[in-house]
Chemist: 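Before I ask anything, let me first share the structure, which is written out below as structure tokens.
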Amino acid sequence: MDHVPYMQAALELADEAAAAGEVPVGAVVVYDGRIVGRGFNQPIRAQDPTAHAEIVALREAARTLGNYRLTGAHLYVTVEPCLMCIGAAIHARVSTIVYGATEPRAGAVESSQRVWEHPSLNHRVTIVAGVLAGECRQRMRSFFLGRR
């Protein structure tokens, strides 16, 4: 599976987040080769601490597919998911999580912890890291440099 086009779609959503003054993270959910959910960070705009890109995309995908279980779906996100987002993906039974840049402080896939490997979980997810990592990282750097 070619991950690049889907990560590029997530990057476009990250740009929407940045334009709205939100941290530039974008996410898409892909099922059977088509995007069924899209999201970008919007906790400030939505006044919702759970409105991370991944959560927004997972919610839309569940509505699109008519099922809260997203078995067989792939979640693409520009930045390594946090604890909340990896948990939501696991509960949704997402098959694969693909991300671009690592997130040293809050990343729960490899940076601060490896939640998806916890032995008590009843679902295993495949992880693909580093897809368009440079472009994803640059979005974050540019955003935060502009805020300083």
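Nothing here was measured: the structure is a model prediction, and the numbers come from that model.
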Chemist: Can you spot which of E16, H52, E12 makes a side-chain contact (heavy atoms from CB on, under 4.5 Å) with F40?
Modeler: E16
Chemist: Over all heavy atoms of both residues, which pair between C136 and G100 is shortest? Give the atoms and the distance, please.
Modeler: SG-CA, 3.8 Å
Chemist: How far does OG1 of T102 sit from CD of E80, to the nearest 0.5 angstrom?
Modeler: 6.0 Å
Chemist: Spell out, yes or no, whether I127 and L132 are grouped together once hydrophobic residues are joined by side-chain heavy atoms under 4.5 Å, including indirect joins.
Modeler: no
Chemist: Between atom OG1 of T78 and atom CD of Q138, what is the distance when rounded to the nearest 0.5 Å?
Modeler: 13.0 Å
Chemist: Which atoms form the tightest heavy-atom contact between V98 and T96, and what is the distance?
Modeler: CG2-CG2, 3.8 Å
Chemist: Could you tell me the separation between the NE2 atom of H118 and the CD1 atom of I86, rounded to the nearest 0.5 Å?
Modeler: 13.5 Å
Chemist: Looking at T71, is its backbone amide N or carbonyl O close enough to the side chain of S95 to form a donor-acceptor pair, meaning the two atoms are under 3.5 Å apart?
Modeler: no
Chemist: Determine whether the side chains of R34 and T64 contain a donor N or O and an acceptor N or O closer than 3.5 Å.
Modeler: no
Chemist: Please check this pair: side chain of N41 against backbone of P24, looking for a donor-acceptor N/O pair closer than 3.5 Å.
Modeler: no
Chemist: What about V79 and F144, same hydrophobic cluster or not, with Ile/Leu/Val/Met/Phe/Trp/Tyr joined at side-chain heavy-atom distances under 4.5 Å?
Modeler: yes
Chemist: As an exercise, state the distance from CG of N122 to CZ of R93, rounded to the nearest 0.5 Å.
Modeler: 4.5 Å
Chemist: Work out which heavy atom in R38 is nearest to a heavy atom in L13; give both atom names and the distance.
Modeler: CB-CD1, 3.8 Å
Chemist: Heavy atoms only: give me the nearest G39-V56 pair and the separation to one decimal.
Modeler: CA-CG1, 3.7 Å
Chemist: Please say yes or no: joined through hydrophobic side-chain contacts below 4.5 Å, possibly via intermediate residues, are F143 and Y99 part of one cluster?
Modeler: yes
Chemist: Grouping I, L, V, M, F, W and Y whenever their side-chain heavy atoms are under 4.5 Å apart, do V25 and L11 come out in a common cluster?
Modeler: no
Chemist: What about I97 and M1, same hydrophobic cluster or not, with Ile/Leu/Val/Met/Phe/Trp/Tyr joined at side-chain heavy-atom distances under 4.5 Å?
Modeler: no
Chemist: When you compare the side chain of V23 with that of M140, does any pair of heavy atoms fall below 4.5 Å?
Modeler: yes
Chemist: What heavy-atom pair brings L75 and V94 nearest, and what distance separates the two atoms?
Modeler: N-CG1, 3.9 Å
Chemist: How far apart are the closest heavy atoms of V28 and A9, and which atoms are they?
Modeler: CG1-CB, 4.1 Å
Chemist: Decide yes or no for E135 and M7: does some side-chain heavy atom of the first lie under 4.5 Å from some side-chain heavy atom of the second?
Modeler: no
Chemist: Using a 6.0 Å cut-off, check whether atom NE2 of H3 has over 12 heavy atoms from anything other than its own residue.
Modeler: yes
Chemist: Mind checking whether C85 and V77 have side chains closer than 4.5 Å, heavy atoms only?
Modeler: no
Chemist: Would you say L70 and Y31 make side-chain contact, with heavy atoms under 4.5 Å?
Modeler: no
Chemist: Hey, what do you get for CH2 (W116) to CD (E110), rounding to the nearest 0.5 Å?
Modeler: 9.5 Å
Chemist: Taking atom CD1 of I55 and atom SG of C82, what is their separation to the nearest 0.5 Å?
Modeler: 7.0 Å
Chemist: Please test V29 against E60 for side chain to side chain contact (heavy atoms under 4.5 Å, CB included), starting from the C-alpha separation and ending with a verdict.
Modeler: CA-CA 9 Å; V29 177; E60 183 175 293; over 6 Å; no
